[in-house]
Number of protein chains: 2
Amino acid sequence: MTGSSARECSIANALAVVGERWSLLILREVLLGNVRFDAIAAATGGSRDILAARLRTLVAAGVLEKRPYSEQPRRHEYVATESGQALQPVLLGLMEWGDRYVTQGPPPTVWEHSCGAELHVAAVCAACGSPVGAGRSRLVRLGGVDQD
Amino acid sequence: MTGSSARECSIANALAVVGERWSLLILREVLLGNVRFDAIAAATGGSRDILAARLRTLVAAGVLEKRPYSEQPRRHEYVATESGQALQPVLLGLMEWGDRYVTQGPPPTVWEHSCGAELHVAAVCAACGSPVGAGRSRLVRLGGVDQD
DNA sequence: CTGCTGAGTTGGATAATCCAACTCAGTGGC
DNA sequence: GCCACTGAGTTGGATTATCCAACTCAGCAG
């Protein structure tokens, strides 16, 4: 948060919540159903101290919820709130991009959509349903920092 | 890259390239047309040394391209490659999520789609065009780390 | 000769991350 | 009762990364 004169922007705001290292990988695991601390630690490869810190901030930000699944012994699991579930398209978009431009070889993870096809996400305009992409949109209002 | 037993995954691979602080904000500015170093520094609010480092890694990763726009004096600009442009849906997804769950008040940045409507992105299945979301997809193959 | 712009570097302080080992509470085995 | 084990973290110390202001260097502009 260097924050004095930077552009006011929901991308930056979003990244302030989920943009730190491990946050999105934690969310990936939670959405995959890996909801216990040790499972998250094993699957992400992150060290336990920062994972604990991230889980705290994600819970505080309302992205995850910490739910006890047993008293005596006290045990909890982390589940995605509505806000956390709403990040699934972002994760799938990153996966799609990673599959295409980063990962060597075939995609390590493959999903099937309810329609039966192998899942690949596309970003479309919510109003008309046609693709969103370079040259298909125009800036109406831009937050902070005057621009050309 | 703690990397020994973590899940093999294109989300993690993608984040290894664009998941560090400032990377996606740099890309935001470049896609907005803010392609000069000083402009990026001003609009993101990041310090010049890490921005220089990030620009180097983004160029090395093929997300941005460093192009001279003048010799004598030597000046360059950064432009998004195809790979960089392919990240636009991810940025718009983050913006959408930030607008809804993080930013207080009205969205600071507003786009208009070529169809005339205010732009809101939706993630859909590329094959059938219907929404992607909770419960609408099934795991076919999962990289690394055995799971329930 | 001095100052300005663009595109970064450099140095030093501060903060975040990594890693292994440790804690603590409750169970299960013997 | 004693030992080991599981789940969910903490703690300490070393290593990196980030922040910030100030500096460089080249080519003009006055």
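These values consider heavy atoms only, across backbone and side chains, with no hydrogens, waters or symmetry-generated copies. Residue numbering restarts at 1 for every chain, and letters A, B, ... go by the order of the sequence lines.
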- prompt: Between atom CD in A:E77 and atom C1' in D:dG7, what is the gap in whole Å?
  reply: 13 Å
- request: Starting at atom CG of A:D49, determine the distance to atom C1' of C:dA16, rounded to an integer number of angstrom.
  value: 10 Å
- prompt: Per the atom types in the model, does the base of C:dA7 pair as donor or acceptor with the side chain of B:R74 at under 3.5 Å?
  reply: no
field: Nearest-angstrom distance from the residue atom CZ of B:R54 to C1' of D:dC19
entry: 12 Å
- request: Round to the nearest Å and state the distance from A:L51 atom CG to C:dC18 atom C1'.
  value: 11 Å
field: Residues B:E29, B:Y78; criterion side chain to side chain donor-acceptor pair (under 3.5 Å); working and verdict
entry: CA-CA 10 Å; B:E29 290 307 315; B:Y78 293 91; over 6 Å; no
Closest-nucleotide 5' rank along DNA chain D - winner of A:A53 and A:R75: A:R75
query: Is A:L32 linked to A:V63 within one hydrophobic cluster, defined over Ile, Leu, Val, Met, Phe, Trp and Tyr using a side-chain heavy-atom separation of less than 4.5 Å?
result: yes
- prompt: Among D:dC19, C:dA7, D:dT10, which nucleotide sits nearest the side chain of B:R21?
  reply: D:dC19
- prompt: Between atom CD1 in B:I50 and atom P in D:dC20, what is the gap in whole Å?
  reply: 9 Å
- prompt: Contact class for A:R36 vs. all strands (heavy atom < 4.0 Å): base, sugar-phosphate, or nothing?
  reply: sugar-phosphate
- request: For the helix from C:dC1-D:dG30 to C:dC30-D:dG1, measure the angle between the helix axis at one end and the axis at the other, each built from five pairs, rounding to 10°.
  value: 10°
message: In this structure, how many angstroms lie between the C1' atom of C:dC24 and the CD atom of A:Q72, rounded?
response: 14 Å
